[in-house]
Amino acid sequence: MATLEVLQKRIKTTADLRDIVSTMKSLSSVSILQYDQAAQSLKTYRKNIQDGFHALLKFRSMPLMSGLKEKTGKTMVVVIGTDSGLVGRFNKETLLKAQSFLQENGIKDALFLTVGKRMAVLAENAGVDVFAKYSISNSIKFVNSLAGTIIIRLYEAMQKHKVSKVVVFYHKREQGVSVSLEQMDLLPFSEKVYQGLKKKKWETNNVPLVTLPTATLMQELIKEYLMIELCAALTYSLSAEHHTRMVNMQNAEKNIDESLVRLNQEYQQKRQDEITEELIDVVSGSEALHQKKQ
């Protein structure tokens, strides 16, 4: 049975661990707020990009661009994970979802682009063809630059490896209470959406002013579309990661509190037992001394 000194050390270690867990929970909670604010801003910007497409397609006569048509080529899979731990099966679920998608569609020669150090390790251990891998910063400031870098590598893959389809897998926090695994078809640009925008009614009587050549403007809008969608996926994933970690820390905090209660009870019981033993020794010694005097 543990001594009082050992129990005191256990209580102190457990209490210190609780402080660490509590701090990590608080940091994740604060981080979620900045990602939610960024996601809201991205929604507004996405609406502007959609309006740009709508205006161009509505007021400029043009065929479906060759860059938007379905092509036969390789598939690039972008899997967004984490650099940090304490998120359970967060990374593994994303990779398994991507592999399941490839299997269901009979795709055997897909290239993978991984985001997150832990995701890269999982992908390499799974034996998939990793075209590029990137770490992911917990700062919202670096999301834009990371998305831009990924877009450059996607264009490179399209040129060198004949990639014609890009699918992104990431986690998203739904209504602040749960996390879901999402799949986004990034490329090719959906012809269905394209045709839908052409048929959609322009909501005002003001005709937009389009000064750039049609093809140039379309290419620029596509670049902005790719950027906004990747930024959104990265932001959603970071928010979901911190939400998952916060929930895990809450559960850990609860378990630690229960352990502290048990340890303190054990300590109090052990202390009471030692006091009782000492009292018994004193009483026994006193009685023995009294009998000896008689």
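- I136 and M227 fall within a single hydrophobic cluster, where Ile, Leu, Val, Met, Phe, Trp and Tyr side chains are chained together by heavy-atom contacts under 4.5 Å.
- Using a 4.5 Å cut-off between side-chain heavy atoms of Ile, Leu, Val, Met, Phe, Trp and Tyr, with links allowed through other members, V130 and V77 fall into the same hydrophobic cluster.
- Of all non-hydrogen atoms in G73 and S164, the two that sit nearest each other are N-OG, 3.2 Å.
- Between the side chains of S237 and E241, no donor N or O sits under 3.5 Å from an acceptor N or O.
- Of all the heavy atoms in M184 and A233, the pair that sits closest is CE-CB, 4.3 Å.
- Checked against side-chain hydrogen bond (donor to acceptor under 3.5 Å, both in side chains), R18 has the following partners two or more places apart in sequence or in another chain: D257.
- Using bins of under 30°, 30° to 60° and over 60° for the plane-to-plane angle, the ring pair Y170/Y236 lands in the parallel bin.
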task = Kindly determine whether M218 and F53 satisfy side-chain contact (heavy atoms from CB on, under 4.5 Å), including the steps that lead there.
result = CA-CA 7 Å; M218 176 61 86; F53 274 117; 3.4 Å; yes

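- With contacts defined as side-chain heavy-atom distances shorter than 4.5 Å, the pair L96/R89 qualifies.
- Smallest separation of non-hydrogen atoms from V179 and A240: CG1-CB, 3.8 Å.
- Separating the CG atom in L187 from the OG1 atom in T75 is a distance of 11.5 Å, to the nearest 0.5 Å.
- Residue K133 holds its NZ atom at 13.5 Å from CE of M119, rounded to the nearest 0.5 Å.
- For the atom pair OH (Y225) and CG (L186), the distance works out to 5.5 Å, reported to the nearest 0.5 Å.
- Here the side chain of S26 pairs a donor or acceptor atom with the backbone of S22 at under 3.5 angstrom.
- Criterion: ILVMFWY side-chain heavy atoms under 4.5 Å apart, direct or through other members. Under it, L226 and V167 are not part of a common hydrophobic cluster.
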task = Evaluate side-chain contact (heavy atoms from CB on, under 4.5 Å) for T94 paired with I80, printing each intermediate quantity in order.
result = CA-CA 7 Å; T94 308; I80 302 176; 5.8 Å; no

request  = Step by step, work out the side-chain contact (heavy atoms from CB on, under 4.5 Å) result for Q40 and D36.
outcome  = CA-CA 6 Å; Q40 189 59 42; D36 285 351; over 6 Å; no

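- The 12-atom threshold is exceeded at CD of E258, counting heavy atoms of other residues, nucleotides or ligands nearer than 6.0 Å.
- Taking CG from L102 and NZ from K97, the interatomic distance works out to 11.5 Å, rounded to the nearest 0.5 Å.
- With sequence neighbours excluded, the residues satisfying side-chain hydrogen bond (donor to acceptor under 3.5 Å, both in side chains) with D51 are K47.
- Closest approach of V79 to A98, counting heavy atoms only: CG1-CB, 3.7 Å.
- Between H171 and F90, the angle of the ring planes stays under 30°, which puts this pair in the parallel group of the 30/60° scheme.
- For the ring pair (Phe, Tyr, Trp, His ring centres under 6.0 Å) test, residues two or more places apart in sequence or in another chain that qualify with Y35 are H242.
- Separating the NZ atom in K270 from the CD atom in Q8 is a distance of 12.5 Å, to the nearest 0.5 Å.
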For a quick test of your reading: what N or O donor-acceptor pairs under 3.5 Å do the side chains of residues 148-157 make, sequence neighbours left out?
unit_1 : atom_1 : unit_2 : atom_2 : d
T149   : OG1    : S145   : O      : 2.9
R153   : NE     : E156   : OE1    : 3.0
R153   : NH1    : Y134   : OH     : 3.2

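- In this structure, the side chain of D109 does not engage the main chain of K74 through any donor-acceptor pair within 3.5 Å.
- Between the side chain of H54 and the backbone N or O of K200 there is at least one donor-acceptor pair closer than 3.5 Å.
- Considering all non-hydrogen atoms of both residues, S84 and R245 come closest at CB-NH2, 3.3 Å.
- In the hydrophobic clustering of ILVMFWY residues, with side-chain heavy atoms under 4.5 Å counting as a link, V143 and L27 come out apart.
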request  = Show the numbers, then the answer: is there a side-chain contact (heavy atoms from CB on, under 4.5 Å) between V128 and Q99?
outcome  = CA-CA 9 Å; V128 301; Q99 291 176 308; 3.8 Å; yes

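- Residues passing the side-chain hydrogen bond (donor to acceptor under 3.5 Å, both in side chains) test with E220, sequence neighbours excluded: none.
- Using a 4.5 Å heavy-atom cutoff, the side chains of R173 and I32 are in contact.
- Looking at F101 and I107, their side chains come closer than 4.5 Å, going by heavy atoms from C-beta outward.
- Linking ILVMFWY residues whenever their side-chain heavy atoms come closer than 4.5 Å, directly or via other members, places L234 and V168 in the same cluster.
- A heavy-atom distance below 4.5 Å is not found between the side chains of L113 and V166.
- Residue D83 comes nearest to G116 through the heavy atom pair OD1-CA, 3.1 Å, listed as atom of the first residue, atom of the second, then distance.
- Taken from OG in S135 to CG in L146, the straight-line distance is 7.5 Å, to the nearest 0.5 Å.
- Of the N and O atoms on the side chains of S259 and R262, at least one donor lies less than 3.5 Å from an acceptor on the other residue.
- Here the side chain of D129 pairs no donor or acceptor atom with the backbone of L111 at under 3.5 angstrom.
- When hydrophobic residues (I, L, V, M, F, W, Y) are linked wherever their side-chain heavy atoms come within less than 4.5 Å, the members clustered with L86 are L4, L7, I11, L17, I20, V21, M24, M249, I256, L260, L263, Y267.
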